[in-house]
Amino acid sequence: MAELYALIDCNNFYASCERVFDPRLEGRPIIVLSNNDGCVVARSNEAKAVGVAMGVPAFKIRDLIEANDVQVFSSNYTLYGDMSRRVMESLSQFTPEVEIYSIDEAFLDVSGFVGRDLTEYGRTIRRSIRQWTGIPVSVGIGETKTLAKIANKTAKRTPGSEGVVNLAGSADRDEILSQIAVEDVWGVGPGYTRALEAKGIKNARQLRDTDERWIKKRMGVVGLRTVLELRGQSCLPLELGRPTRQGMTVSRLFGHPITDVEELKEAVATYLSTAGEKLRKENLAVGVVTIFLMRDRFKEIHYTQAATVELPVATNDTRELIRHGLREVGSMFSPGREYKKGGVILSDLVRADEVQGHLFYEMDRDRSRRLMRGIDRVNSRLGAETVKFAAAGVNPKWKVKACRRSRRYTTRWDELAVVRA
DNA sequence: TCTGGGGTCCTAGGACCC
DNA sequence: TCTGGGGTCCTAGGACCC
């Protein structure tokens with residue numbers, strides 16, 4: 001049976017989430033900023049229209065914001081995560097074959113719908129998601145994931161498409177591929193774009209028709225897969241069920257540069273607490289912990305330091321993570337230096353219930369498990385950080401900036417939307 | 001003053017083994 | 001004079017994704 005994929009992609013997801021709970025934002029330019037209110041990570045169509053570029057630092061577009069009355073939001077990942085869950089649950093009403101690809105995208109296997117009017121089916125999905133969650137989505141359909149991606153992009157930029165494009169068996173296929181710049185093809189980043197353009201390959205159609213051997217040599221098997229996918233040969237199957245993760249990172253820019261070792265330790269202890277919570281939520285334990293500290297990367301050449309600890313026994317106990325992590329912070333810190341960012345990388349993850357014990361390592365595993373579970377329960381009921389470790393500091397000064405965060409409408413009782421009738 | 005965060009996969013090269 | 005040919009594992013770096 002011929003394969004067919006549909007890619008459902010939320011339009012301007014973060015900006016759309018903000019709009020769901022504040023209808024006054026309808027029709028107005030909105031942008032959402034990254035952590036620490038640094039760069040633009042999402043824009044409504046109106047914001048794109050007035051010339052806000054993706055990824056620009058907020059301070060560089062102050063005038064643009066002012067002149068166009070752009071509504072600015074700090075990112076509110078609690079809200080976006082919950083809205084994402086609602087969209088994905090809604091999609092699973094249509095078919096169980098759903099691969100959640102990212103916070104705002106999902107691939108559906110629609111091979112079984114051959115013969116039906118897929119464009120019409122796409123419109124039904126689109127209407128339903130809008131009605132059930134308030135989020136506008138676009139739908140792209142093709143014989144491979146890469147083609148579905150292109151169809152989706154085409155749907156977004158073609159007003160007449162009503163948000164759905166089906167490339168499978170489309171007579172306009174070559175024309176549509178010619179309209180997609182090579183850098184917009186899924187799997188082609190800045191590095192490959194440079195190489196391809198130097199060879200005169202500028203759009204998806206030309207890339208599709210490029211000699212396989214050249215591609216293999218220049219872009220490896222990954223590039224080759226992309227080309228085959230453009231030709232309609234599916235190389236990337238739907239991935240159902242989440243793969244076991246390889247590692248975990250928690251890192252943040254500090255709200256201001258840190259020069260004091262105690263503050264630095266508080267920050268790292270906080271990141272370790274977050275990491276511990278994530279580990280326990282996924283029933284994982286960690287064997288290797290890396291702590292890294294960064295100074296100003298725009299001013300210094302050697303701006304990063306890192307230290308790695310191998311734990312005697314894999315753990316997810318926040319106390320242990322903090323104890324090992326802070327020792328490394330202490331030995332890396334040099335007085336007089338300004339630190340701008342820090343983080344923790346956990347690798348060698350194993351399932352928590354399959355941890356290999358250590359003969360000479362005395363620690364009451366059961367007691368640890370009960371304590372951590374207690375802390376997690378309190379925090380999930382009464383709000384994050386209701387119970388926290390003293391090492392993480394009380395009311396820390398280094399916390400990230402988020403001056404314009406909207407309410408966490410769907411996950412906090414004290415931040416519900418208010419409706420006046 | 002102000003520049004995000006969290007991932008995955010592939011490749012090349014070296015060490016080591018038989 | 002001569003000095004194989006695989007495997008495997010690890011690591012660093014580079015490419016990409018959202």
Side-chain angles (χ1 to χ4, degrees), chain A residues 7-14 31-43 53-63 65 72-77 80-81 84 99-107 145-146 149 152-153 182-196 215-226 229 235-236 239 242-257 271 274-275 278 282 288 290 292 294-300 303-304 306 308 310 338 340-349 400-405:
Chain A
L7 172 64
I8 319 296
D9 189 319
C10 301
N11 300 347
N12 316 320
F13 183 55
Y14 299 166
I31 59 174
V32 178
L33 302 179
S34 61
N35 269 317
N36 224 25
D37 292 346
C39 333
V40 175
V41 291
R43 310 159 293 159
M54 187 65 174
V56 289
F59 72 90
K60 283 191 180 165
I61 53 166
R62 203 150 294 161
D63 295 343
I65 289 172
V72 181
F73 291 89
S74 304
S75 35
N76 184 347
Y77 291 105
Y80 310 151
S84 171
E99 174 188 339
I100 298 173
Y101 177 69
S102 73
I103 193 163
D104 68 338
E105 282 170 86
F107 286 102
K145 286 181 169 179
T146 305
K149 274 266 188 187
N152 193 291
K153 186 171 264 302
V182 80
E183 63 186 293
D184 291 335
V185 174
W186 194 39
V188 179
Y192 294 156
T193 299
R194 246 175 287 127
L196 290 167
I215 295 289
K216 172 84 199 325
K217 212 170 91 192
R218 208 65 189 67
M219 300 165 62
V221 294
V222 181
L224 185 57
R225 269 205 295 257
T226 298
E229 285 244 322
C235 306
L236 305 163
E239 287 171 25
R242 62 190 73 69
T244 45
R245 65 152 86 229
Q246 312 290 304
M248 182 183 287
T249 310
V250 177
S251 80
R252 296 278 181 286
L253 215 51
F254 304 130
H256 65 82
Y271 301 162
T274 307
K278 279 168 83 176
E282 300 183 30
V288 174
T290 302
F292 68 88
M294 284 166 98
R295 299 189 299 280
D296 194 330
R297 71 188 168 106
F298 296 98
K299 289 185 192 145
E300 298 183 52
Y303 58 84
T304 168
T308 297
E310 281 184 40
E338 285 196 339
K340 304 205 67 166
K341 178 178 176 175
V344 305
I345 301 169
L346 310 189
S347 39
D348 256 37
L349 302 186
V400 296
K401 286 178 275 191
C403 311
R404 301 156 184 273
R405 205 201 64 218

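We name chains A, B, ... by the order of the sequence lines, and we start the count at 1 in each one. Side-chain atoms are counted along with the backbone in the values below, which use heavy atoms only and exclude waters and symmetry mates.
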Colleague: Do A:K216 and A:V221 have side chains that approach each other closer than 4.5 Å (heavy atoms only, starting at C-beta)?
Modeller: yes
Colleague: For DNA chain C, which nucleotides open and close the run of contacts to chain A, 5' to 3', at under 4.0 angstrom from a non-hydrogen atom?
Modeller: C:dA15 to C:dC18
Colleague: Any non-hydrogen side-chain atom of A:Y80 less than 4.5 Å from a side-chain atom of A:V32?
Modeller: yes
Colleague: So what does A:D104 touch, heavy atoms closer than 4.0 Å: a base, only the sugar-phosphate, or nothing?
Modeller: sugar-phosphate
Colleague: If you assign A:R225 and A:K341 each to the DNA chain B nucleotide with the nearest heavy atom, which residue ends up on the more 5' nucleotide?
Modeller: A:K341
Colleague: In whole angstrom, give me the gap between the C1' atoms of B:dC16 and C:dG4.
Modeller: 16 Å
Colleague: Name the nucleic acid region contacted by A:M248, choosing base, sugar-phosphate or nothing; use a 4.0 angstrom heavy-atom cut-off, strictly under.
Modeller: sugar-phosphate
Colleague: Need to verify one output field. Residue with the more 5' nearest nucleotide on DNA chain B, A:V222 or A:P257?
Modeller: A:P257
Colleague: Salt bridge (charged side-chain N to carboxylate O under 4.0 Å, His left out) with A:R297: which residues, sequence neighbours excluded?
Modeller: none
Colleague: If you look at every strand shown and take non-hydrogen atoms under 4.0 Å, does A:V40 touch a base, only sugar-phosphate, or nothing?
Modeller: nothing
Colleague: A:D9: what forms a salt bridge (charged side-chain N to carboxylate O under 4.0 Å, His left out) with it, not counting sequence neighbours?
Modeller: A:K156
Colleague: How close do A:V344 and A:A275 get, counting heavy atoms only, and between which atoms?
Modeller: CG2-CB, 4.2 Å
Colleague: Above 12 or not: heavy atoms from other molecules or residues under 6.0 Å from CZ of A:R218?
Modeller: no
Colleague: Would you classify A:K278 as touching base, sugar-phosphate or nothing, given that sugar-phosphate means primed atoms plus P, OP1 and OP2, and contacts are heavy atoms under 4.0 Å?
Modeller: sugar-phosphate
Colleague: Sequence neighbours excluded, which residues qualify as side-chain contact (heavy atoms from CB on, under 4.5 Å) partners of A:K217?
Modeller: none
Colleague: Reading DNA chain C 5' to 3', how would its secondary structure be written in dot-bracket notation, given Watson-Crick and G-U pairs with both distances under 3.5 Å, brackets [ ] for crossing pairs and | for partners on other strands?
Modeller: ....||||||||||||||
Colleague: Considering residues at least two apart in sequence or located in another chain, which fulfil the salt bridge (charged side-chain N to carboxylate O under 4.0 Å, His left out) criterion with A:R225?
Modeller: none
Colleague: With a 4.0 Å cut-off on heavy atoms, is A:R62 in touch with a base, just the backbone sugar-phosphate, or nothing at all?
Modeller: base
Colleague: Charged N to carboxylate O under 4.0 angstrom, A:E105 versus A:K149?
Modeller: yes
Colleague: Mind checking A:K401 for me? I need base, sugar-phosphate or nothing, with any heavy atom below 4.0 Å counting as a touch.
Modeller: nothing
Colleague: Looking across every strand, which nucleic acid part, if any, lies under 4.0 Å from A:V56 by heavy atom: base, sugar-phosphate, or nothing?
Modeller: nothing
